[in-house]
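Here is the structure we will look at, set down as structure tokens.
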Amino acid sequence: MDVSAYKEALLRKRGEILAAGGVKPLQTSMETNTRQGDLADQASGNNEVHIQLKLKQTDAKILQAIEEALWRMEQNTFGICRDCGEEIAAARLNAIPWTRVCITCKEKQNT
Ligand SMILES: [Zn+2]
């Protein structure tokens with residue numbers, strides 16, 4: 001399997017997430033985190049804050065998945081479903097190169 005195109009996509013996506021606010025001076029990011037925590041506590045019914053926090057969590061999850069996918073490339077197990085061990089369809093990898101599971105296992109998770 002030629003993973004170079006997927007690797008490129010993973011690195012590009014990682015760069016996008018980091019550029020979108022992942023990397024900040026330590027003091028600033030700590031300040032932001034504290035403020036966000038307060039906001040979340042005060043306004044549990046505030047959808048906008050909730051959505052912003054959720055987006056950040058999603059970015060963090062994708063970043064972790066990207067790191068794992070790059071690691072799996074090193075191990076030559078990239079593109080293998082974590083749950084069933086089958087190869088993940090190329091169309092799915094093209095859409096989500098950092099995915100851990102095949103579409104069948106993903107659908108099982110959602111039900
Ligand atoms: Zn599977």
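In this chain, numbering begins with 1 at the start of the sequence shown. In each ligand, atom 1 is the first atom listed, and ligand 1 is the first ligand listed.
Note on the Zn ion (ligand 1): protein N/O/S atoms under 2.8 Å are Cys81 SG, Cys84 SG, Cys102 SG, Cys105 SG.
When the side chain to side chain contact (heavy atoms under 4.5 Å, CB included) test is applied to Asp83, the partners found at least two apart in sequence or on another chain are Cys81, Val101, Cys105, Gln109. For the side chain to side chain contact (heavy atoms under 4.5 Å, CB included) test, residues two or more places apart in sequence or in another chain that qualify with Lys7 are Leu11, Leu70, Met73, Glu74. Listed by chain and number, the residues in a side-chain hydrogen bond (donor to acceptor under 3.5 Å, both in side chains) with Arg92 are Thr99 (sequence neighbours excluded).
Taking 4.5 Å as the limit, some side-chain heavy atom of Lys13 sits within range of a side-chain heavy atom of Trp98. Residues Ile88 and Ile103 are not in side-chain contact: their nearest non-hydrogen atoms beyond the backbone lie 4.5 Å or more apart.
Shown here is Glu8, whose CD atom has no more than 12 heavy atoms of other residues, nucleotides or ligands within 6.0 Å.
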